[in-house]
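I have placed the structure first, in the form of structure tokens, so that the comments after it can refer back to it.
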Amino acid sequence: MVDENILKLEIKRLRDTLSSKADNVFNLEKRKLHLETAMNQRRHEINIHKDMLKAQIKSAEVERQTVSSELHERISKIDKLRKRYEILMISMAPPEGEEERSQAYFVIKAAQEKEELQREGDELDAKIRKAEKEIRALENTLRLMNGRNETYRKSFNKVDEMSEEFDEKQRLEDQMRAVMDKYKYKRRQIRELQEDLGSMQNTLGNLTADEQALVEVISEKRVKTTNLQKELDDQKAKKDRASREAAKIARAVRSAKKSSGELHEERDMHLRELREFNAQTMKQMGEVLHNYPDLGPSVQLYFSQAGLPMPPSPGPGTSRPTSSRSARSSGSTSSARSDISSGSRRGVGTVDIGALALTEAGSPTGAGSPKQGASPASSARGRKPSSRPGSTAGSKASSRASSAASRRSMEQR
């Protein structure tokens, strides 16, 4: 109970303290508001006084500038008067070594100057009278010109259709119409020629661009031709070495088997090579015909003359291999394409591929085998057409024997 009373007393004391503190805070806030109000009023009064002082300073500055400008004007006037006085004194001063002149001298001098001015005025008066006379003469001339202009204006009035002036007018109008028609025709011709010139210039620009593109293509083709020629030379050298080695191996095999003629294996290899060569050639011909359909009638004519079927066209899903053999076949296709197109333009009636196919059908020894390292079409293009295909049988047989012997040696290795 005592503790509770103590707590109540403590609470009452704290409440009294809180109320006193709250009163103090309220009084302080009220005092702060009064001070802020007084400060705002004082600031307003200070701003008003400051504006008044600025206005006074501005007006004082304007008055100062006005006074300064007036002072400068008066100083400049004083300087002008001083300089004028100095000039007059210098002009009126006597020369060196002479005495100062009297007032009578200057009076006489002024009278002389007045007389001179009077004489000049008389001369100007005479000139004025003369100019007035000239003006009256010009007025008379103007009246005459007005009269003649009136006559000229009357001449533009409508004339009689039976008079000579009307006939002259009609003739001049006809001439003017003819000249205007000719002028319009010439203008139309000039416009058409300008349009033709513009179109020709555009065509010339296009042809120039095409020429540059073709020149670049030709240069690229020349570079490719040079590279291909180098490769062909290398392949020819390799072929010669392989042929010599094959001939050497064939002689060794024949001596080992004691056979003087061509062996059965060699003839079988030759036959296989010819079949492969013919199949590849027909495939290339089919690709050429597929790429250039306009060559179809000519090729069909040549194949019908040779008694051969038309080469098959490549399917839509065929793709070229990326091996060296495909590169050689593409080169042979391009060369065969050029041969066939040139043959169709020149009207030549012989095809080496047909001759090769005919020799294959006749006998194995009657057709040439493809050269190693060179395309079949290039080998066909390198041979000259001959009416006697059996005349080159010996050289073809020897090349086939050498190639077969080289293949056998490679298999044995």
To the nearest 0.5 Å, how far apart are [atom1] in [X] and [atom2] in [Y]?
X    : Y    : atom1 : atom2 : value
Q280 : E273 : CD    : CD    : 14.0 Å
L207 : L214 : CG    : CG    : 10.0 Å
E192 : I190 : CD    : CD1   : 11.0 Å
L193 : K186 : CG    : NZ    : 10.0 Å
R136 : E134 : CZ    : CD    : 10.5 Å
M39  : R43  : CE    : CZ    : 4.0 Å

Non-hydrogen atoms of [X] and [Y] that approach each other most closely:
X    : Y    : result
L289 : M310 : CD1-CE, 3.7 Å
F303 : P309 : CD2-O, 3.2 Å
P311 : G286 : CB-N, 3.8 Å

Given side chains that start at C-beta, do those of [X] and [Y] come closer than 4.5 Å, heavy atoms only?
X    : Y    : value
K248 : R251 : yes
R15  : S19  : no
T226 : Q229 : no
L33  : K30  : no
I249 : V253 : yes

| request: Quick one: list whatever passes ring pair (Phe, Tyr, Trp, His ring centres under 6.0 Å) with Y183, sequence neighbours left out. | output: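 Not a single residue meets the ring pair (Phe, Tyr, Trp, His ring centres under 6.0 Å) criterion with Y183.
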
| request: Evaluate the salt bridge (charged side-chain N to carboxylate O under 4.0 Å, His left out) criterion for residues K236 and D240: first the C-alpha distance (whole Å), next the side-chain angles of each, then the deciding distance (0.1 Å), finally the verdict. | output: CA-CA 6 Å; K236 283 182 179 179; D240 294 334; over 6 Å; no

Could you tell me whether the side chain of [X] and the main chain of [Y] form a donor-acceptor pair under 3.5 Å?
X    : Y    : result
S68  : R64  : no
S59  : Q56  : yes
S219 : E216 : yes

Salt bridge check, [Y] against [X]: does any charged N sit closer than 4.0 Å to a carboxylate O?
X    : Y    : result
K32  : E29  : no
D234 : K230 : no
K169 : E173 : yes

| remark: Given the options K83, K77, R82, D79 meets side chain to side chain donor-acceptor pair (under 3.5 Å) only with R82

| query | Crowded around R31 CZ? As in, over 12 foreign heavy atoms under 6.0 Å? | reply | no

| request: Assess whether atom CZ of R177 is packed by more than 12 heavy atoms of other residues, nucleotides or ligands within 6.0 Å. | output: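 Enclosed: over 12 neighbouring heavy atoms sit under 6.0 Å from CZ of R177.
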
